[in-house]
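Whatever order the structure lists them in is the order used to number ligands and atoms, beginning at 1. From a predicted model like this one, the values you see are computed outputs, not experimental measurements.
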Amino acid sequence: MDKKQPATDNQHNKPMTKIIDLRSDTVTKPTPAMRRAMIEAEVGDDVFGEDPSVNALQQKVANLLGKEAALFVASGTMGNQLCIKTHTEPGTEVIIEAGAHPFNFEAGSSAALAGIQFYTIKGDRGVMEAAQIEEAIRPTTDHHFAPTRLICIENTHNRGGGKIYPLEKIIEIRKVADRHGIAMHLDGARLMNACVATGIKPIEYAQYFDSVSICLSKGLGAPVGSVIAGSAKFIDKAHWYRKMYGGGMRQAGILAAAGLYALEHHVDRLAEDHENAKILARGLSTIKGIRLDPDSVETNIVIFDVAETGKTSREVAGKLREHGVLFTFFGKSSMRGVTHLDVTRKDIEEAVEIVKKVLES
Ligand SMILES: *Cc1c(COP(=O)(O)O)cnc(C)c1O
């Protein structure tokens, strides 16, 4: 933003002192140190495999997740889509939770690009049980059915309110997958949040999956990018599809450097976001008209219900926006706040005060 021109509230054209943006952990801007790392990045043509920063990032993520190889991709959506495409053929089926990102927020790409169909299961805050999955697997003996090829799991689960997928449930699901010869993909857009919150290492989660995708541009604070990881053979095939999908980038090391910086400096600090999310949740839960169980908050996402305010979530979000606090809304009465690198403890306390003032006046 231009420093000479203060931001204005479009409706009232008065200067806005400050905006506390809790819409998503994707709104973070690269820190000065991250920008420096980007400026200084060594680069080359990554389509030729010659970008040292991209190669370093891929190696780092492969090591982090205990996989043979990794691939830098443009977005979390591209990461999930490349993995779904690589694991399946058109006409096959992918088991996924009903609130999951690829099913809801990836623009129909799994149908359009991979030609698969989803079998959705309603989980408990995004967590499916092994028994539900086993029931959903199609018999291979009857050609009426679309063969089940893949099980997708999301950890942490976004629509589940940042819910951590319990490791023991993943292990049970892996046993089912092995019995039926089905692959497993981890949408780990926020896997690092799960790791920081539980102390479980990324490699401990990743070992149960054939492919893993992590986002650098969510809580980790990089401006762009995700990385997928798997066997060398899997990543080689995904690399072909990445080119097909238009995701072969050239001097992408400038972006990879931000990702490397994020993995080195922004993982442990996720604990602050989790703490801030708890403070936000506790604060909001005391406000009249808001329904929220603060104990349900496990990472950096806070979902709450505003039905008792007598207003829709869209109306509440609009009202709060006028006062400089941004949340997202979905459905008639659900709202979401996400803590991240660019909001401080003080911002959170201020946001709670503003919500209280606006809703209780
Ligand atoms: C954000 C997100 C993605 C990927 O999103 P992009 O906007 O394409 O980077 C994938 N899965 C989950 C769970 C997410 O929250």
Rounded distance (nearest 0.5 Å) linking atom CG of Asn80 with atom CG of Leu186:
9.0 Å
Does Arg190, backbone or side chain, put an N or O under 3.5 Å from an N or O of ligand 1?
yes
Nitrogen or oxygen atoms of Ala189 and ligand 1 under 3.5 Å apart:
no
Nearest protein heavy-atom contact for atom 3 (C) of ligand 1: which residue, which atom, what distance?
Lys218 NZ, 3.2 Å
Near Glu154, which atoms of ligand 1 are under 4.0 Å from a heavy atom of that residue?
13 (C)
Ion pair present between Arg190 and Asp273, side-chain N to carboxylate O less than 4.0 angstrom?
no
Quick one, Lys163 with Ile303, criterion side-chain contact (heavy atoms from CB on, under 4.5 Å). Give me CA distance, side-chain angles, the key distance, then yes/no.
CA-CA 11 Å; Lys163 171 82 185 158; Ile303 291 181; over 6 Å; no
I need the minimum non-hydrogen distance between Ser213 and Ile228, along with the two atoms involved.
CB-CG2, 3.9 Å
Could you pull out the closest heavy-atom pair between Cys215 and Leu220, with the gap in Å?
O-CD1, 3.7 Å
Numbering the atoms of ligand 1 from 1, which are under 4.0 Å from a heavy atom of Thr77?
4 (C), 5 (O), 6 (P), 8 (O)
Does this structure show an ion pair linking Glu272 with Arg345, if we count only N-O contacts that are shorter than 4.0 Å?
no
Does an N or O from Asp187, backbone or side chain, lie closer than 3.5 Å to an N or O of ligand 1?
yes
Which atoms of ligand 1 sit under 4.0 Å from any heavy atom of Asn80?
10 (C), 11 (N)
Looking at atom 9 (O) of ligand 1, what's its closest protein heavy atom, distance included?
Gly76 N, 2.8 Å
